[in-house]
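Structure, as structure tokens:
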Amino acid sequence: MTTKRAPFIVVEGLDRSGKTTQTSLLQARLEKENVPNRLLKFPDRTTTIGKMIDSYLKSTSELDDHVIHLLFSANRWELASTIENLLNEGVTVIADRYAFSGIAFSASKVEASDATVPKLPFEWCRAPDIGLPAPDAVLFLDIAPEQARLRGGYGDERYEKEEMQARVRQAFKRIGEEAEEGTLWVVVDAGSERDVVAEEMWGSVEALVQRGLTAPVGRLWKDRVL
Ligand code: DGP
């Protein structure tokens, strides 16, 4: 008999896309179906690295753009072996954000003097996350930044500005188009009713969750390792 492992599901989205609500609903669904699961949130603000990220996001500290990018990535690597072990033990892992946010947000930073000039090249942003456990499915909650703003406005954190979110949305689009074989990339209309979004998300991953996988846990962007 072949041993199966559980799937790794990542939920990505713009700020105010309903991502946190939807990851909780997805987890509740797994509970209802008696599926062993674990919900992770990135950045994980509880670790030493996570606390540095938290203070940067709240603008209580300043860090060079390269440094904060590498800290976000390190914060994912801190949990890489935990993710792999859980999947191999049959525990479905849901991550609220992952490496795709890493690229999308960092590659969307632009020079103050010229908003068409990125501060960090796209490929440079991808590099530190090469080799992380690869998700089997990515559910991208898509919403127009204008619509997201109407949901009570953006908060006070660093990236919560409409122009930035518009660039982040484009970056996510590119990442989705370049998604690797073996990763299911689903664009979910996050502007729909809460329960409609939840059903679409569940419908996208139900078969993976119920059947499990025989293939070993993949590695992100493994073909890009020189
Ligand atoms: P959240 O806790 O989901 O609201 O995310 C916090 C903010 O950090 C949000 O604006 C997205 C951004 N973010 C998340 N992961 C990364 C990352 O890896 N790199 C960068 N630059 N930003 C990220």
Side-chain angles (χ1 to χ4, degrees), residues 9-27 39-80 83 93-111 118-135 138-143 145 148-149 151-176 188 190 197 201 220-221:
I9 302 163
V10 165
V11 182
E12 289 280 11
L14 300 181
D15 293 307
R16 316 282 313 158
S17 60
K19 191 176 45 57
T20 303
T21 307
Q22 290 297 338
T23 42
S24 304
L25 288 174
L26 184 57
Q27 186 185 32
L39 172 59
L40 302 175
K41 176 158 174 49
F42 291 108
D44 175 351
R45 303 188 194 213
T46 64
T47 68
T48 305
I49 293 171
K51 286 182 184 135
M52 293 170 77
I53 296 172
D54 185 57
S55 89
Y56 171 83
L57 286 171
K58 293 186 170 137
S59 299
T60 49
S61 69
E62 288 304 321
L63 287 170
D64 174 85
D65 292 309
H66 301 81
V67 173
I68 184 63
H69 182 74
L70 295 172
L71 289 177
F72 270 113
S73 176
N75 186 241
R76 289 184 279 276
W77 279 106
E78 290 188 285
L79 281 167
I83 294 174
V93 177
I94 310 172
D96 177 342
R97 291 199 191 281
Y98 198 51
F100 313 101
S101 279
I103 309 176
F105 281 83
S106 290
S108 296
K109 293 180 168 185
V110 288
E111 296 294 348
K119 284 183 167 174
L120 304 170
F122 194 88
E123 283 305 330
W124 187 89
C125 294
R126 189 199 314 260
D129 285 328
I130 291 175
L132 276 174
V138 181
L139 306 174
F140 173 61
L141 300 187
D142 189 34
I143 189 163
R149 181 169 42 81
R151 293 182 162 185
Y154 291 122
D156 296 327
E157 285 204 335
R158 200 175 274 267
Y159 302 138
E160 299 186 356
K161 318 254 176 334
E162 205 170 319
E163 319 76 64
M164 173 72 178
Q165 300 289 325
R167 288 193 297 272
V168 171
R169 190 183 193 205
Q170 281 309 314
F172 269 125
K173 192 161 176 274
R174 170 171 172 190
I175 297 165
V188 179
V197 175
M201 287 172 64
L220 262 187
W221 301 303

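None of these values were measured; they are calculated from a predicted model. Remember, it's 1-based here, ligands and their atoms both numbered in the order they're listed.
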With heavy-atom distances below 4.0 Å as the criterion, list the atoms of ligand 1 near R76. 17 (C), 18 (O)

Nearest non-hydrogen contact with atom 21 (N) of ligand 1 belongs to which option: S106, A99, C125? S106

I'd like to know whether CE of M52 has more than 12 heavy-atom contacts from other residues, nucleotides or ligands below 6.0 angstrom. no

Single hit among V138, D129, I83, I9 for side-chain contact (heavy atoms from CB on, under 4.5 Å) with Y98: I83

State the atoms of ligand 1, each with its element, that fall below the 4.0 Å cut-off from a heavy-atom position in G102. 17 (C), 18 (O), 19 (N)

Report yes or no: does S24 contribute a side-chain atom to a donor-acceptor pair with the main-chain N or O of T20 at less than 3.5 Å? yes

Should the proximity of E160 to ligand 1, defined as any heavy atom under 4.0 Å, be assigned to the side chain, the backbone, both, or neither? neither

Atoms of ligand 1, numbered as shown, that sit under 4.0 Å from any heavy atom of K19: 3 (O)

Tell me whether the rings of Y159 and F105 are parallel (<30°), tilted (30 to 60°) or perpendicular (>60°). tilted

Any idea which of F42, Y98, F100, F72 brings a heavy atom closest to atom 13 (N) of ligand 1? F72

Can you tell me which portion of T20 lies within the under-4.0 Å heavy-atom range of ligand 1? Options are side chain, backbone, both, or neither. neither

For atom 10 (O) of ligand 1, which protein heavy atom lies nearest, and how many Å away is it? D15 OD2, 3.0 Å

Strictly under 4.0 Å, does any heavy atom of K41 approach an atom of ligand 1? yes

Got a salt bridge between D15 and R97, using NZ or NE/NH1/NH2 to carboxylate O under 4.0 Å? yes

Taking the non-hydrogen atoms of R158, is any one of them nearer than 4.0 angstrom to ligand 1? no

Thinking salt bridges, do E12 and K173 make one under a 4.0 Å N-O criterion? no

Contact atoms of ligand 1, heavy-atom distance to L57 under 4.0 Å: 6 (C), 7 (C), 8 (O)

Do the two ring centres, one from W221 and one from F100, sit under 6.0 Å apart? yes

Is a side-chain N or O of S73 found less than 3.5 angstrom from the main chain of L70, in a donor-acceptor match? no

Enter the distance from Q165:CD to R149:CZ here, rounded to the nearest 0.5 Å. 11.5 Å

Going by the 4.0 angstrom heavy-atom rule, the piece of Q165 near ligand 1 is neither

What one should report as the nearest heavy-atom pair of L14 and I143 is CD1-O, 3.1 Å

Mark up the atoms of ligand 1 that fall under 4.0 Å of a heavy atom belonging to Y159, in ascending order. 10 (O), 12 (C), 21 (N), 22 (N)

Would R97 count as a contact residue for ligand 1, given that I'm defining contact as a non-hydrogen atom of the residue lying under 4.0 Å from a ligand atom? yes

Nearest to atom 6 (C) of ligand 1, what protein heavy atom do you find, and at what distance? R45 NH2, 3.3 Å

